[in-house]
Protein chains: 2
Amino acid sequence: MTIEAPDDYRLDAQVGFLLRKATQRHLAIFAALMPDLTPRQFAALAKLCELGPTSQNALGRATAMDIATIKGVADRLRAKGLVAALPDPADRRRLVLAPTEAGRASYAAARPEAHRITAETLEPLSPDERMTFVALLARLG
Amino acid sequence: MTIEAPDDYRLDAQVGFLLRKATQRHLAIFAALMPDLTPRQFAALAKLCELGPTSQNALGRATAMDIATIKGVADRLRAKGLVAALPDPADRRRLVLAPTEAGRASYAAARPEAHRITAETLEPLSPDERMTFVALLARLG
DNA sequence: GAAAACTCATTCGTGAACGAACGGAGCCTG
DNA sequence: CAGGCTCCGTTCGTTCACGAATGAGTTTTC
């Protein structure tokens, strides 16, 4: 792993490119092990089960999704019957989201798969390397 | 950095979530420093300048983009006048892409920015940590 | 030399990211 | 209480990912 000189640019060594490739591989693993939910849908459902009833914007912030993005994700989760939305009587701007019975069941069933997805994504690294990698990655967020 | 027990799932500690957040930050840096090209457009242009005339499919493989994705990226680069497309007389299925004069100039101008983008993305890490991180990340692609 | 197998490019559909603009609603300060 | 600031949700437009299907062209194989 050499640091390239300013006049020698190799795309394949750039963080952005490597991040994209690692993400691609991870998404393929995810789609194979959890075909019924997309990563964002699972993230939103997981956070919702963790937090309980939450406004749409707040859920977006908790899952690091754009306001426009969480809207679409929430709509698709509602269409699947995993999430219910009710207007907040105390604040009429708010749409309060909560997992349905089916949503909680789906989350409970998906959790072991989520661990497997993480494990398989990190599989090329040794246990020590995995810890190192995750710790460094967390600092780039 | 603890490894969570199977019954304690925290979204914020999952590789997929961290990858997404790191990518988000990187994309924001990219958009700020290279507003005229998207990361994929830059990647395609860079590979094209590196490889010379290349078929669309081959460029897709070289940049780790789906066939359907590279089509759109190539179309947008053509619309910007940075890339030209000609049918291959030797193989009439092929569309051969090549950078235009403007494309080469744009790439030459963008290269220093690309280095700055990489540097800024990795800025939270020490020089040693950067090497470690990039090496580990490369193995997850 | 003809059928089978493969390759190249295109198109369609779904899911997603995110900036920008918008209107409705609450809050805060003068 | 009125004007302004902020927040909430929605919609629009552009870009991208990727599976699937299709049609045209090329190579392989028998």
Side-chain angles (χ1 to χ4, degrees), chain A residues 16-17 19-32 34-45 53-80 82-83 85-97, chain B residues 16-17 19-32 34-45 53-80 85-97:
Chain A
F17 189 69
L19 273 174
R20 188 155 65 80
K21 290 223 298 177
T23 300
Q24 274 177 11
R25 180 168 154 275
H26 169 72
L27 291 179
I29 293 169
F30 196 106
M34 206 186 285
D36 295 337
L37 290 175
T38 69
R40 278 78 175 189
Q41 287 171 14
F42 174 72
L45 182 59
T54 313
S55 86
Q56 196 171 269
N57 270 17
L59 183 60
R61 282 190 295 273
T63 52
M65 292 186 217
D66 191 84
I67 320 166
T69 301
I70 193 69
K71 165 82 163 73
V73 172
D75 284 354
R76 285 182 280 272
L77 284 173
R78 286 165 68 183
K80 291 184 182 185
L82 303 177
V83 160
L86 289 172
D88 185 344
D91 185 341
R92 289 192 321 200
R93 295 169 305 179
R94 278 214 178 99
L95 193 64
V96 175
L97 303 176
Chain B
F17 189 69
L19 273 175
R20 186 155 66 80
K21 290 223 298 177
T23 300
Q24 275 176 10
R25 182 168 153 274
H26 169 72
L27 291 179
I29 293 169
F30 196 106
M34 205 186 285
D36 295 337
L37 290 174
T38 68
R40 279 78 174 189
Q41 287 171 11
F42 175 72
L45 182 59
T54 312
S55 86
Q56 197 170 266
N57 268 18
L59 183 60
R61 282 190 294 272
T63 51
M65 290 187 219
D66 191 85
I67 319 167
T69 301
I70 193 70
K71 165 83 164 74
V73 173
D75 284 355
R76 285 182 281 273
L77 284 173
R78 286 165 67 184
K80 291 184 184 187
L86 288 171
D88 185 343
D91 185 341
R92 290 191 320 200
R93 294 168 305 179
R94 278 211 180 101
L95 193 64
V96 176
L97 303 176

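In what follows, chains carry the letters A, B, and so on, assigned in the order in which the sequence lines appear, proteins first and then strands, with residues in each chain numbered from 1.
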Exercise for the section: Under the side-chain hydrogen bond (donor to acceptor under 3.5 Å, both in side chains) rule, collect the residues that match up with B:R61, sequence neighbours excluded. Expected result: none

Fill in the blank from the handout: Atom CG of B:D36 and atom P of D:dT14 are separated, to the nearest Å, by 17 Å

Exercise for the section: Provide, to the nearest angstrom, the distance between the CG atom belonging to B:D66 and the C1' atom belonging to C:dT14. Expected result: 14 Å

Practice task
Would you check, one step at a time, whether the test side chain to side chain contact (heavy atoms under 4.5 Å, CB included) holds for B:V73 with B:T63?
Solution key: CA-CA 11 Å; B:V73 173; B:T63 51; over 6 Å; no

Exercise for the section: List the atom of B:L59, the atom of B:T54, and the distance in Å for their closest heavy-atom pair. Expected result: N-CG2, 3.7 Å

Handout entry: Among D:dG25, C:dG15, C:dG26, the nucleotide that comes nearest once only the side chain of A:R76 is considered
Key = C:dG15

Handout entry: 4.5 Å side-chain heavy-atom contact, B:R78 and B:D75
Key = yes

Handout entry: Close side-chain approach of B:M34 and B:Q41, heavy atoms under 4.5 Å
Key = no

Completion exercise
Rounded to whole Å, CG of B:D88 lies from C1' of D:dT26 at a distance of 12 Å

Practice task
Can you check each nucleotide of nucleotides 6-12 of chain D against protein heavy atoms at under 4.0 Å and return B for base, S for sugar-phosphate only, - for none, in 5' to 3' order?
Solution key: -BBSBB-

Problem - Backbone N/O of A:A64 and side chain of B:R20: donor-acceptor pair under 3.5 Å - result: yes

Fill in the blank from the handout: Note: contacts of residues 19-31 of chain A with DNA chain D (heavy atom, under 4.0 Å) are A:R20, A:Q24

Practice task
Nearest whole angstrom, please: distance from the P of C:dT10 to the CZ of B:R92.
Solution key: 16 Å

Fill in the blank from the handout: Note: B:A85 and B:L95 closest approach over all heavy atoms is CB-CG, 4.0 Å

Practice task
Send over the distance from B:Q41 CD to D:dT14 P, rounded to a whole Å.
Solution key: 13 Å

Completion exercise
By nearest-nucleotide position on DNA chain C, the 5'-leaning member of A:P89 and A:I70 is A:I70

Exercise for the section: May I have the distance from A:L37 (atom CG) to C:dT14 (atom P), rounded to whole angstrom? Expected result: 18 Å

Practice task
Find the distance B:F42:CZ to D:dT15:C1' and express it as a whole number of Å.
Solution key: 18 Å

Problem - Residues, nucleotides or ligands: over 12 heavy atoms within 6.0 Å of B:K21 NZ - result: no

